[in-house]
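Atoms considered below: every heavy atom in the structure, side chains included; atoms not considered: hydrogens, waters and symmetry mates.
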Amino acid sequence: MTVLRDARERRVRTGGIELCVAELGDPSAPTVVLIHGYPDSKEVWSEVAPRLAERFHVVLYDVRGHGRSTAPRPLRGGFTLEKLTDDFLAVIDAVSPDRPVHLVGHDWGSVQAWEFVTVRRTEGRVASFTSMSGPSLDHLGLWIDKRLRRPTPRRVAQLVGQGAKSWYVYALHTPRLPELAWRGPLGTHWPRLLERAEKIPRGTYPTASLPRDAAHGAWLYRDNIRPRLRRPRRDAYAHAPVQLITPLDDAFLSETLYDDLDRWVPQLTRRTLPAKHWIPRTRPDRLAAWITEFVTSVEGGRPDASPATGKYADRFGGQLVLVTGAGSGIGRATAFAFAEAGARVVAVDRDAEAAARTAELSRLLGAPRSWAETVDVSDEQAMEKLAAKVAAEYGVVDVLVNNAGIGLGGSFFDTTPEDWKKVLDVNLWGVIHGCRLFGRQMTERGQGGHIVNTASAAAYQPSKALSAYGTSKAAVLMLSECLRAELAGQGIGVSAICPGFVNTNITSTARFAGVDAEEEKRRQKRTARLYGLRNYPPEKVADAILRAVVRNEAVVPVTPEARGARLLSRLAPGALRAIARLEPPL
C-alpha cells in the first residue's frame, strides 16, 4: 500500500518487467522525476513529493525489483545501468513524452541519474538533475584512478577515508549473506536503526517490502560497481545543469568525492546541508525549496539556482533567516551577509522604517525574497503574533539570530529597578521569546536549524559600570549553553556570539544611569568617538555569525579584546577582576 496520498498510479512495461509509477500535481506543469536509492522504495520521497506537487508534475517510480515493481529474472545481470536507463526512458515516455523532465536522485537513485544525464541516448530528455548522496560511478572510478596513479599524502588519506566509509559495498558483494541478513534480523531492525542513527521518526516509512527490496537491490552493486570502476567512461559529461546537494555528515560518502565535479558538469550549482545521509526523510522542506528554486531557474532559462555570491552561498541559499535588531549595526550587517549568501531574510526591528530599508537592501544584495517586520522583542504577545505570521507566510525559520539589544552604563546603585527591567526585557527576555517561539517551531518541524544569540564580551568580562548590561549578557550566554545541550539531539545548533568594541550606533543610543540628560549626551558622544576610533566593523561580526552557524560553534568571541578576555576568564580570572575596576567606554 502506498503512503503517497492523492497519487495517481500507472504501470509501465519495459524489458520484461512492470514498473509501478505514481504521479502527483498538474500534468501540464514541468515534470520532476524522483528516483529512490537503496534499500528504499519510492515512499522515501513521501515528504518531499507533496511539497513539490504544489508547483510541478511529480513522478515517482519503484526501481525494478523494489516496492510494487516486478523484479527481473534472473536477478543477476538484471540491474545494470543500461537496463535502468531503459526503465527511465520508458517512464518518461509515458508521463512526459513531449517535454524534458527534471531529475532528482538520492543514493542509488542519484547513481542511476548520473548515468541518465551523461549518456547520449537521453540527451534532450533531461532538463536538469539534482543529485544527493550518490556519485557517478564513472567519475568515482576516475577519482580513484587519479589517486592511485598520482598519490600524494592528501589523496591517499582521501582514498583510505572513502574506503572505510564504503565498508557496506564489500559486504553487499558477498554471495547470499546480504539476502539472508535483510530477510532476517537486519530487515526487522532497520527502522529502529534509522531512527537511532539518522533521527528518522517511525511511521509509514520504510514500507513492508523493505526486506525483499534490499535483497533484490544488492544486485545494483554486484552488476555495476566492479565493471564500471574498472572501466569508467572518460566522456561522462553532463548534458544538463546539475545541482549537487551534499549532506555534511554523510556516513557513507566523503565530500572530497566531488572535488573534480566542475570538470564534468559545465553548469553546476553546489549546496551543502548539515545533515546525515537520508535527507529526503530528515530535511524535506529544505530539499523541496532547493529543488523548486533550481527547476524554476532552469525553466526560466537561468540554470544557476544560486545567483548569490556570498562566501557561504552553497550553505544558506534558499534558507529562511530571521534577524532581530536588523535595522542597524550588527543586525543589519548580519541580514546583508545572509542575503549575499542567497538566504531568504526576515529583517525584524522596532523601527519600521529601518527594518524596511534593511529588507530593501537585502533584496539588492542577492535575497530577492526578503521581508521587513516590526516588533518590540520585549513584548511577549507581539512576538507570539510575529512567530505565527512568519510560520504562516514565510515558513519555519532555518536560522534565528536574536540580536536586538540595548546598552546601559552606570553603577549598580544608580541603576533603578526600571532601568534593570528595561535592559532585561530587551536583552534577555527578547532572546528568551525568540528562542521559545521560533525554537519550538524548529523542534516541531523536526528538520534541524540553528539559533544565534548575540551576547557580548561583557558576559564574562565584569565591569563596575556595566552591572545591568553585563548581567543580561551573561544570562544570554548561559541560556545559550543550556539550550545548546537540550537541542543537540534534535539537530538544532545554538551559538552565543560575544563581540567586544564594535562600531555601531548602540554607543550613541546607550543610556547612562544616574546622570542628567546633558551628561548622558556627553558620554554618548565620547563613547561613540572611542568606538569609532577602534573602528571594528559590524560586518566582521556578521561574518563570524555565519561561520558559527556553518561550524556549529558554541561560544564565539569576535574581536581581539573579546578573545583576550575569554582566555583570561579561563586562565587568569584575577586579572579580569582587576580590569573590572577600570572605567569602560560604555
Side-chain angles (χ1 to χ4, degrees), residues 1-25 27 31-53 56-81 83-96 101 103-113 116 134 178-179 182-184 186-188 190-191 194 200 202-221 223 278 280-281 284:
M1 176 70 71
T2 181
V3 296
L4 294 164
R5 294 182 180 179
D6 303 320
R8 308 178 295 276
E9 287 196 355
R10 68 166 84 191
R11 312 292 290 188
V12 173
R13 294 192 62 82
T14 171
I17 63 166
E18 261 192 355
L19 299 174
C20 179
V21 181
E23 299 176 68
L24 298 90
T31 298
V32 177
V33 180
L34 307 177
I35 306 177
H36 68 80
Y38 178 86
D40 298 316
S41 60
K42 65 181 181 298
E43 280 73 26
V44 74
W45 296 110
S46 62
E47 295 294 328
V48 176
R51 290 165 167 84
L52 293 175
F56 307 112
H57 174 216
V58 179
V59 176
L60 315 86
Y61 67 93
D62 287 319
V63 172
R64 54 173 52 206
H66 295 70
R68 299 171 66 194
S69 293
T70 59
R73 290 289 181 267
L75 292 173
R76 181 189 298 274
F79 290 84
T80 64
L81 287 170
K83 291 181 179 179
L84 296 171
T85 305
D86 292 338
D87 294 352
F88 167 68
L89 287 170
V91 170
I92 64 174
D93 284 345
V95 300
S96 184
V101 302
L103 265 175
V104 179
H106 173 255
D107 189 81
W108 253 94
S110 178
V111 175
Q112 293 180 59
F116 308 158
E179 286 86 345
W182 280 112
R183 295 183 187 277
L186 185 56
T188 302
W190 185 248
L194 284 180
I200 296 175
R202 292 198 195 186
T204 52
Y205 165 83
T207 60
S209 65
L210 167 71
R212 183 184 71 248
D213 298 345
H216 289 161
W219 287 100
L220 289 167
Y221 294 85
D223 281 351
W278 264 274
R281 303 304 304 179

Flag the pair Leu4 / Trp45 as yes when at least one side-chain heavy-atom distance between them is below 4.5 Å, and no otherwise.
no
Determine the sole option in Arg10, Arg68, Arg13 for which the salt bridge (Lys or Arg N to Asp or Glu O under 4.0 Å) test with Glu18 is passed.
Arg13
Got Leu19 and Val91 here, is their nearest side-chain heavy-atom distance under 4.5 Å?
yes
Listed partners of Arg51 passing salt bridge (charged side-chain N to carboxylate O under 4.0 Å, His left out), at least two apart
Glu47, Asp285
Taking only residues two or more places apart in sequence, or in another chain, which ones meet Tyr38 in a ring pair (Phe, Tyr, Trp, His ring centres under 6.0 Å)?
Tyr221
Are Pro206 and Pro191 side-chain neighbours, meaning at least one heavy-atom pair lies under 4.5 Å?
yes
Report the distance from atom CH2 of Trp108 to atom NE2 of His36, rounding to the nearest 0.5 Å.
12.5 Å
Under a 4.5 Å cut-off applied to non-hydrogen side-chain atoms, are Val58 and Leu34 in contact?
yes
With sequence neighbours left out, what residues match Asp223 under side-chain hydrogen bond (donor to acceptor under 3.5 Å, both in side chains)?
none
Do His66 and Ser209 have side chains that get closer than 4.5 Å, going by heavy atoms?
no
Closest heavy-atom pair and its distance - Val48, Pro280:
CG2-O, 3.6 Å
With rounding to the nearest 0.5 Å, note down the distance linking CZ in Phe116 to CD1 in Ile35.
4.5 Å
Working to the nearest 0.5 angstrom, can you tell me the gap between Glu43 CD and Leu210 CG?
11.5 Å
Nearest 0.5 Å please: distance from the CG atom of Asp86 over to the CD1 atom of Ile17.
9.5 Å
Can you give me the closest heavy-atom contact between Pro211 and Gly187, atom names plus distance?
CG-CA, 4.3 Å
Checking Asp107, Thr80, Leu84, Leu81 against Leu220 for side chain to side chain contact (heavy atoms under 4.5 Å, CB included), the one that qualifies is Leu84
Under the rule for salt bridge (charged side-chain N to carboxylate O under 4.0 Å, His left out), what residues qualify as partners of Arg64, not counting sequence neighbours?
Asp87
Excluding sequence neighbours, so at least two apart, what forms salt bridge (charged side-chain N to carboxylate O under 4.0 Å, His left out) with Asp62?
Lys42
Are any of the side-chain heavy atoms of Leu60 and Leu24 separated by less than 4.5 Å?
yes
Verify side chain to side chain contact (heavy atoms under 4.5 Å, CB included) between Asp213 and Trp182, making sure each step is shown before the conclusion.
CA-CA 9 Å; Asp213 298 345; Trp182 280 112; over 6 Å; no
Report yes if some heavy atom in the side chain of Trp278 is under 4.5 Å from a heavy atom in the side chain of Val44; otherwise report no.
yes
CA sep, side-chain torsions, deciding dist, call: Ser46, Arg281, side-chain hydrogen bond (donor to acceptor under 3.5 Å, both in side chains)
CA-CA 8 Å; Ser46 62; Arg281 303 304 304 179; 2.7 Å; yes
With sequence neighbours excluded, tell me which residues meet side-chain hydrogen bond (donor to acceptor under 3.5 Å, both in side chains) with Glu179.
Arg222
Within the 4.5 Å heavy-atom criterion, are Val63 and Gln112 side-chain neighbours or not?
yes
Pro39 and Ala214 have their tightest heavy-atom pair at CB-CB, 3.6 Å
